[in-house]
Amino acid sequence: MKNVIVIGSGIAGMTCAVRLAEAGVKVTVVSPFPSERSQSVMAAGGINGVLTDCEEGDSISSHIEDTLRGGCFLAGRKAVTGLCESAEGIIKHLENIGTVFSVDENGKLMRRAFGGQSHRRTYYCGSATGKHIVSALIMELRRYEAAGMVERRLWSCFYSALIRDGKCYGVILFDETKASLVSLTADAVVMAVGGQNSMFGKTTGSTQCDGYSAGKLFTQGVELKNLEFIQYHPTTVETKQKRMLISEAVRGEGGRLFCLENGKRIYFMEDKYGPQGNLMTRDVISREIDALGREVYLDITFLGEKEIDKRLPEVRELCLKYINLDIAKEPIPVAPSVHFFMGGIAVNLNHETNIENLFAIGECASMYHGANRLGGNSLLAAQYSGIVAAKEIIQRDTGAGAPDFSAELTAEQGRLNMLKADNSSQFPVTYIRDMLAEIMQSDLGISRDETALESGIKSIDYYISVADSIKYDSSVAMHELYSLTAILHLARATLTCALNRRESRGAHYRADYPDTNDTFAYPSIISYDGGKYRVYLDKEHKYES
């Protein structure tokens, strides 16, 4: 029987695990927390798809073109076509397994408008779509757990991959309950670990998503793609712990952005882009808000309390709870924040990396979104990527067995023990993590330039040079201790990609190169070898074949 390890238990990971298990593949799902705590539950606005009863004039081909255009044509047409053509089947399947979509008085699925799309094709569950999908997938996964086809390993984190001669044979995990390492071998490993939100400090995402897995794999020879394309969500609010997302659903339901000038409301997006200005793509709106340099508000009060409670109850509850504001009576003060990563682990059409039998799916993989993601496409891509990876793994022959990795495990356990020692350094690990977030926010913001990017690289190079002699506070979790160096390498790679893309495209805006340049009309790939970072443009379409 085939044996597959899935790292991550959000929507992408669970979808892949379910598809593997129903085909007779034994699956081990690894995550530090239950699926109920995955970042997937935060997805609010909806999932895109063109169904048989779509809006008049809409079509799958229109969805494809909107996606390609929104991503500035850096995503592969084959990949995007597969994604969009699968949407109806995925949405119908979600219904069948118990996802409670919002319906009208006739029982038909409701859809709303979302930014960058030519038609209303975003299906939703109020403004808590991710939470409903996660709930339905948890029940599916539990059926296979009960049947013995799925084993969950909670309170465990990815530590490193077992790679030899360009092939992956399994993983080393950090068991938080024992504070020790354990190795697992498998016929394939699937990474479904999300983005790198906490690398930027306070964002809309989960602090669990810190980028360690991608950074560690990068140092082990896995190529990364399009790291410079980081989506700032234009409408978030500040809380003590993080930036809270004000879903695009608010603008999809007619919400209007404005600023004040001499006490008068200026609807700046509508003034510049027309009636659909509030539904421009997220990169455009974020840049416009950033350029204003003043307080911006989002108004949905005109919808009325009854309709708000019907269409946007979670948003109203969030604002009441965290900022003591009633959106039925007052406009919401909003600002952009890091939200989604179009870049990540480079994968081919089957979601396999440049390392054989190592796959990546969901937000941690770069495939469908190009230079900018359309809202509503991420939930679709999470499931589609899991399905594609599972299909590829199912049809492959079982491997011949793994070589002996006991020496690697012993060496890594020794390194972990060293981290517990009382090392001497002027910087505690928490200080460097805070400084890293400050560097990434300031030097890799909505608007970038060569001076800032080079400054960020110089700072991170210094922290990498001292990372092996950091003062480790015993109050810090072990994951914080061993993950720092890999996260620094990922941050350095991200800044390097941004520095090398000397143009503005999608979510990457260079103030010193404000125009789009056809020379850079290709995805960027970065690799790491012996301390050297190599960036190249994928002109040969290596990851689309």
Side-chain angles (χ1 to χ4, degrees), residues 10-11 33-47 94 98-105 109-115 122-138 197 202-209 232-258 278-279 282 285 295-340 375-376 378-379:
I11 287 174
F33 300 108
S35 295
E36 289 87 344
R37 290 183 61 183
S38 68
Q39 180 170 290
S40 293
V41 301
M42 301 179 185
I47 177 172
L94 288 174
T99 305
V100 184
F101 284 98
S102 296
V103 296
D104 62 18
E105 58 276 7
L109 296 185
M110 297 177 69
R111 52 182 174 258
R112 57 169 53 118
F114 250 42
T122 305
Y123 295 86
Y124 57 93
C125 311
S127 49
T129 310
K131 187 181 297 184
H132 284 273
I133 294 174
V134 166
S135 297
L137 285 171
I138 286 171
N197 298 82
K202 292 172 70 172
T203 73
T204 64
S206 169
T207 55
Q208 297 176 43
C209 299
Y232 279 72
H233 198 291
T235 56
T236 72
V237 294
E238 176 84 16
T239 71
K240 291 182 179 180
Q241 293 77 25
K242 59 175 292 184
R243 301 290 310 187
M244 299 297 291
L245 176 70
I246 302 300
S247 171
E248 191 164 325
V250 177
R251 287 179 288 120
E253 296 292 351
R256 304 176 72 189
L257 291 160
F258 71 91
N278 297 298
L279 288 174
R282 294 172 178 180
I285 299 177
E295 190 81 74
V296 169
Y297 300 87
L298 177 59
D299 183 27
I300 194 69
T301 57
F302 55 83
L303 199 61
E305 186 172 353
K306 182 178 179 181
E307 283 301 307
I308 287 174
D309 285 342
K310 178 181 178 182
R311 304 186 199 182
L312 302 164
E314 294 84 5
V315 178
R316 189 181 187 194
E317 181 182 354
L318 180 153
C319 288
L320 282 168
K321 181 176 180 180
Y322 290 100
I323 60 173
N324 193 31
L325 182 145
D326 188 350
I327 68 171
K329 299 176 182 177
E330 301 175 73
I332 313 163
V334 294
S337 172
V338 169
H339 177 59
F340 189 90
S378 54
L379 285 179

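No hydrogens, no waters, no symmetry mates; every other heavy atom, side chains included, goes into these values. Owing to the predicted nature of the structure, the values given are computational and were not obtained by experimental measurement.
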- Message: side-chain contact (heavy atoms from CB on, under 4.5 Å), that's the test. Do Phe302 and Arg256 meet it? Break it down for me.
- Response: CA-CA 10 Å; Phe302 55 83; Arg256 304 176 72 189; 4.2 Å; yes

- Message: For Met110, run the side-chain contact (heavy atoms from CB on, under 4.5 Å) check against Phe101, Tyr123, Tyr124 and tell me which one passes.
- Response: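 Option passing the side-chain contact (heavy atoms from CB on, under 4.5 Å) with Met110: Tyr124.
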
- Item | Flag if over 12 foreign heavy atoms under 6.0 Å of CD, Glu330 |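 Enclosed: over 12 neighbouring heavy atoms sit under 6.0 Å from CD of Glu330.
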
- Counting only heavy atoms not in Asn324, do more than 12 fall under 6.0 Å of its CG?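 Atom CG in Asn324 is not crowded, with 12 or fewer foreign heavy atoms closer than 6.0 Å.
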
[X] [atom1] to [Y] [atom2] distance, which is reported to the nearest 0.5 Å:
X      : Y      : atom1 : atom2 : answer
Ile11  : Ser38  : CD1   : OG    : 7.0 Å
Ser102 : Lys310 : OG    : NZ    : 9.5 Å
Glu253 : Glu248 : CD    : CD    : 11.5 Å

- Message: Does Ser35 form a side-chain contact (heavy atoms from CB on, under 4.5 Å) with Leu137? I'd like the steps, not just the answer.
- Response: CA-CA 9 Å; Ser35 295; Leu137 285 171; over 6 Å; no

- Task: State, without any angle test, whether Ser206 and Gln39 hold a side-chain donor-acceptor pair at a distance under 3.5 Å.
- Result: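 The criterion, which ignores hydrogens and geometry beyond distance, is not satisfied for Gln39 and Ser206.
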
- Query: Does the side-chain contact (heavy atoms from CB on, under 4.5 Å) test come out yes or no for Asp326 and Leu320, once each step is laid out?
  - Reply: CA-CA 6 Å; Asp326 188 350; Leu320 282 168; 3.9 Å; yes

- Task: Kindly say whether Thr236 contributes a backbone atom to a donor-acceptor pair with the side chain of Arg243 at under 3.5 angstrom?
- Result: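 Between the backbone of Thr236 and the side chain of Arg243 there is a qualifying donor-acceptor contact (under 3.5 Å).
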
- Test side chain to side chain contact (heavy atoms under 4.5 Å, CB included) applied to Glu305 - qualifying residues, sequence neighbours left out: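 With sequence neighbours excluded, Glu305 shows a side chain to side chain contact (heavy atoms under 4.5 Å, CB included) to Asp309, Arg316, Ala328, given in chain and number order.
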
- Message: If the condition is side chain to side chain contact (heavy atoms under 4.5 Å, CB included), which residues does Thr235 pass it with, not counting sequence neighbours?
- Response: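 Partners of Thr235 under the side chain to side chain contact (heavy atoms under 4.5 Å, CB included) test: His233, Ile246, Arg251, Leu257, Leu298, Val334.
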
- Task: Carefully, step by step, assess Ser40 and Ile133 under the rule side-chain contact (heavy atoms from CB on, under 4.5 Å).
- Result: CA-CA 9 Å; Ser40 293; Ile133 294 174; over 6 Å; no

- Query: Does Lys131 come within less than 4.0 Å of Glu314, counting only side-chain N to carboxylate O?
  - Reply: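 Between Glu314 and Lys131 there is no salt bridge, as every charged N stays at least 4.0 Å from the carboxylate O atoms.
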
- What pairs with Lys202 under salt bridge (charged side-chain N to carboxylate O under 4.0 Å, His left out), at least two apart in sequence or on another chain?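 Applying salt bridge (charged side-chain N to carboxylate O under 4.0 Å, His left out) to Lys202 gives Glu238.
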
